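Chain identifiers are assigned alphabetically (A, B, ...) following the order of the sequence lines, protein sequences preceding nucleic acid strands; residue numbering begins at 1 within each chain. Below, all heavy atoms of this structure are taken into account, side chains as well, without hydrogens, waters or symmetry copies. Note that the structure is predicted; figures quoted are calculated from it, not measured.
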2 protein chains.
Amino acid sequence: MNDEKVYAETLKHIHRLIVQDGLAPGDKLPSERELAERLGVGRSSVREALRALEFLGLIETRRGEGTYMCEIGSHQLVDLLAMFLLENERAKADLAETKWLVERLLLELFCQRQGEEAIGRLEKTVRQKPIDFERFFQTIAEAAGNYLLVRIWRALSAFAAAFAPKPSLADSFYDQLLAALKKRDSAEAIAVWEAHRPWPLSKKS
Amino acid sequence: MNDEKVYAETLKHIHRLIVQDGLAPGDKLPSERELAERLGVGRSSVREALRALEFLGLIETRRGEGTYMCEIGSHQLVDLLAMFLLENERAKADLAETKWLVERLLLELFCQRQGEEAIGRLEKTVRQKPIDFERFFQTIAEAAGNYLLVRIWRALSAFAAAFAPKPSLADSFYDQLLAALKKRDSAEAIAVWEAHRPWPLSKKS
DNA sequence: ACCATTAGGTGGTCAGACCAGTATGGAATT
DNA sequence: AATTCCATACTGGTCTGACCACCTAATGGT
């Protein structure tokens with residue numbers, strides 16, 4: 001019945017353990033040997049599961065010390081994925097497009113949910129020349145109120161940064177966008193967005 | 001001097017091997033034992049490297065057959081990250097919203113790229129009562145021409161299924177949507193979408 | 001109080017064994 | 001000659017036990 005691979009099961013078990021114990025970034029996981037014994041599996045299976053988690057950027061192993069939870073969105077996975085993504089032109093195009101679309105979504109959400117303090121932080125970012133697009137959009141993303149979408153954006157952004165130059169946009173773009181956002185006018189914001197960062201929404205395939 | 005971990009080095013070696021040999025999706029990798037011998041490392045280290053690649057969604061292992069390259073993108077990755085992210089109520093709401101937004105995006109892309117055969121498949125799906133939303137949207141997603149976005153949608157969809165019942169929509173919704181899609185009228189399609197599957201794009205937090 | 005030593009724990013790695021599937025080729029059958 | 005069937009070799013999956021390098025903390029002597 002249960003033909004699931006042991007290392008995959010182990011991965012789920014470890015996940016359950018993390019959730020149940022409420023482990024936060026920085027916390028220590030049980031040792032490999034203890035995990036193996038508690039889960040009734042071999043240490044090698046535990047290690048294979050941990051390896052997956054490590055390369056996904058969820059844990060960090062320190063020789064002689066132990067295994068620790070770490071901040072998600074780590075670069076390990078970004079570098080690795082980028083390494084493979086680089087070999088595929090199509091994937092690059094899809095990534096760029098997806099990033100663009102998600103950013104447009106975030107603009108829309110921002111207009112419907114933003115508070116005054118978010119606008120204030122945006123203005124501050126814009127005053128700091130040269131304007132940092134990543135930083136600017138990070139603020140928008142956080143204020144958009146959808147944490148999962150922010151996560152997705154961060155991942156896309158990190159991937160894109162791994163093998164594409166940062167987009168350099170004119171100051172006027174930020175000014176116009178900010179004006180639209182202040183009015184909570186999502187239609188205008190999107191119009192500004194599409195005018196300054198056009199994406200060929202037309203390719204056949 | 002070289003204090004890099006063996007499984008990390010092995011990972012790079014395997015990548016180099018894949019690039020040099022020009023392995024494409026579907027191609028077979030050397031066996032674990034052969035890799036271990038060629039790279040002069042233990043089989044367990046090879047396995048740990050492969051495990052990372054597998055959970056990153058880059059390779060697929062089939063017991064008794066071998067290890068194969070698979071489509072690039074992110075699926076396991078998104079799955080796993082989501083698994084760790086979706087542990088609270090807030091995340092569930094974000095998931096539902098994100099899924100809704102991504103689906104709206106896919107509708108837009110579909111209108112700009114769809115071919116006639118995609119429309120045909122949609123009509124076929126609609127004729128099969130009861131209409132399966134997942135199946136219907138799967139067709140739209142694939143025809144939208146952005147593989148990465150499809151992957152993200154699939155992950156979102158899978159997770160949503162775990163938390164919430166499948167949305168049950170009136171047949172008239174599919175009819176109206178199909179009519180709009182036939183005309184490649186993204187504005188109308190989105191209008192139908194928002195009318196039948198409304199999402200409270202207004203919550204403060 | 002200080003510092004050096006030491007013992008135990010931890011991750012990292014390897015080798016070997018065995019299991020459970022699949023593929024393959026040759027023998028037996030038709 | 002074509003087909004079926006099965007032994008065999010190969011593949012991934014798993015466990016065990018051993019050893020290394022490293023870190024920490026307790027120990028013990030000064």
Exercise. Can you tell me the distance, in whole Å, between the OH atom of B/Y7 and the P atom of D/dC20?
Key: 21 Å

Practice problem: Could you list where the contact with chain B starts and ends along DNA chain C, reading 5' to 3', using a 4.0 Å heavy-atom cut-off? | Solution: C/dG12 to C/dA23

Quiz prompt | Residues which pass side chain to side chain contact (heavy atoms under 4.5 Å, CB included) with B/S44, listed by chain and number, not counting sequence neighbours | solution = none

Quiz item: Which residues satisfy the salt bridge (Lys or Arg N to Asp or Glu O under 4.0 Å) test with B/E37, sequence neighbours excluded?
Solution: none

Quiz item: For A/E123, what residues pass the side chain to side chain contact (heavy atoms under 4.5 Å, CB included) criterion, not counting sequence neighbours?
Solution: A/I119, A/R127, A/L178, A/K182

Self-check item: Qualifying residues under side-chain hydrogen bond (donor to acceptor under 3.5 Å, both in side chains), relative to A/D175, sequence neighbours excluded
Solution: none

Practice problem: Kindly write out the residues that satisfy side chain to side chain contact (heavy atoms under 4.5 Å, CB included) with A/Q138, not counting sequence neighbours, or none if the list is empty. | Solution: A/E142, A/W153, A/R154

Quiz prompt | B/R33: partners by side-chain hydrogen bond (donor to acceptor under 3.5 Å, both in side chains), with sequence neighbours left out | solution = none

Quiz item: Stepwise, does the side chain to side chain donor-acceptor pair (under 3.5 Å) test hold for A/D132 with A/T125?
Solution: CA-CA 7 Å; A/D132 183 353; A/T125 304; over 6 Å; no

Quiz item: More 5' along DNA chain D: A/E65 or B/G66, using each one's nearest nucleotide?
Solution: B/G66

Quiz item: Where along residues 29-39 of chain A does a heavy atom fall under 4.0 Å from DNA chain D?
Solution: A/R33

Quiz prompt | B/E65: side-chain hydrogen bond (donor to acceptor under 3.5 Å, both in side chains) partners, not counting sequence neighbours | solution = B/R62

Quiz item: Taking DNA chain C as the partner, which of residues 41-50 of chain A come within under 4.0 angstrom of it by heavy atom?
Solution: A/R43, A/R47

Quiz item: Considering residues at least two apart in sequence or located in another chain, which fulfil the side chain to side chain contact (heavy atoms under 4.5 Å, CB included) criterion with B/A49?
Solution: B/T10, B/L11, B/I14

Quiz item: What is the distance, rounded to the nearest whole Å, between atom CD1 of B/I59 and atom C1' of D/dT11?
Solution: 14 Å

Quiz prompt | Residues that A/E32 engages under side-chain hydrogen bond (donor to acceptor under 3.5 Å, both in side chains), provided they are two or more places apart | solution = A/R43, A/R47

